[in-house]
**Student:** 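Right, I'll just put the structure down here and ask away after.
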Amino acid sequence: MRVLIPHEKIQARIAEMGNEIAADYGDAPIYLVGILKGACIFLSDLARAIPKPVRIDFMGISSYGKGTTSSGEVRLTKDLDVSLEGMDILLVEDIVDTGVTLTYLTHVLDQRKPRSIQIASLLDKPSRRLRPIEARYVGFTIPDEFVVGFGLDYAEDYRNLKDICVLET
Ligand code: 5GP
């Protein structure tokens with residue numbers, strides 16, 4: 001295990017992202033939609049870094065399972081609690097990897113007629129992209145390495161690490 005991004009650097013970047021997001025939106029509440037489970041730690045810090053009214057909801061999708069490679073399959077396991085028609089949705093994700101998950105979710109949410117949909121991702125691994133999707137707000141762009149910590153897991157472990165670490169298998 002090797003530290004890739006230390007906790008202090010993550011916090012500083014989230015503070016910047018919060019201000020950036022606040023500057024881009026008007027006074028209507030921003031609906032933060034966290035993707036379970038990986039985004040929950042990032043979402044809780046990002047929500048407090050946005051000096052504007054925000055609301056919070058979550059969606060659940062099938063995840064990587066127990067390995068470090070994707071099954072390529074996306075399945076909704078938890079839907080939103082309320083309709084977000086006419087709302088400004090900010091999808092909050094831990095990492096954009098192949099882009100399959102966010103392509104699927106933006107398609108699902110688009111059909112519900114929100115006013116806008118944008119993506120905020122703590123991490124981005126652009127070298128692995130299979131779908132042409134980009135997050136509007138990105139914390140850090142990282143190389144093609146499997147990372148854990150700050151919400152990200154390996155077989156459900158390591159989500160509570162304060163730093164983002166590379167898991168050397
Ligand atoms: P995508 O659909 O973009 O390929 O996958 C996104 C999801 O894959 C993320 O939400 C995350 O759960 C998982 N994932 C992708 N890369 C990593 C990684 O380096 N570490 C961990 N722990 N999960 C990853």
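Hydrogens, waters and symmetry mates play no part in the numbers below; they use all other heavy atoms, side chains included. Note that ligands are numbered from 1 as they come in the structure, with each ligand's atoms numbered from 1 the same way.
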**Student:** Output the distance between atom CD (Q11) and atom CG (D45), rounded to the nearest 0.5 Å.
**Tutor:** 4.5 Å
**Student:** Against I164, only a single residue in V148, I95, V147 fulfils side chain to side chain contact (heavy atoms under 4.5 Å, CB included); can you say which?
**Tutor:** V147
**Student:** With rounding to the nearest 0.5 Å, note down the distance linking CG in D88 to OH in Y31.
**Tutor:** 12.0 Å
**Student:** Check each atom of ligand 1 against the heavy atoms of D94 and keep those under 4.0 Å away; list them by number with element.
**Tutor:** 9 (C), 10 (O), 11 (C), 12 (O)
**Student:** If the contact criterion is a heavy-atom separation under 4.0 Å, does F146 count as touching ligand 1?
**Tutor:** yes
**Student:** Can you establish whether the number of heavy atoms outside R112 located under 6.0 Å from its atom CZ is more than 12?
**Tutor:** yes
**Student:** Around atom NZ of K162, are there more than 12 heavy atoms of other residues, nucleotides or ligands at under 6.0 Å?
**Tutor:** no
**Student:** Give a yes or no on whether K78 atom NZ has more than 12 heavy-atom contacts from other residues, nucleotides or ligands under 6.0 Å away.
**Tutor:** yes
**Student:** Would you mind listing which atoms of ligand 1 come within a distance below 4.0 Å of any non-hydrogen atom of D97?
**Tutor:** 1 (P), 3 (O), 4 (O), 5 (O), 15 (C), 16 (N)
**Student:** Would you check whether E145 reaches within less than 4.0 Å of ligand 1, judged by its heavy atoms?
**Tutor:** yes
**Student:** Under a 4.0 angstrom heavy-atom cut-off, which atoms of ligand 1 come close to K125?
**Tutor:** 16 (N), 17 (C), 18 (C), 19 (O)
**Student:** For ligand 1, is any non-hydrogen atom under 4.0 Å from L102's backbone (N, CA, C, O), its side chain (CB onward), both, or neither?
**Tutor:** neither
**Student:** If you count the atoms of ligand 1 from 1 in the order shown, which ones are under 4.0 Å from a heavy atom of T101?
**Tutor:** 1 (P), 2 (O), 5 (O), 6 (C)
**Student:** Considering the heavy atoms of G99, write down every atom of ligand 1 situated less than 4.0 Å from one of them.
**Tutor:** 1 (P), 3 (O), 4 (O)
**Student:** For the side chain to side chain contact (heavy atoms under 4.5 Å, CB included) test, which of D124, L90, T106 pairs with I119?
**Tutor:** T106
**Student:** For ligand 1, which atoms have a heavy atom of E93 less than 4.0 angstrom away?
**Tutor:** 10 (O)
**Student:** Which atoms of ligand 1 have any heavy atom of D153 under 4.0 Å away?
**Tutor:** 21 (C), 22 (N)
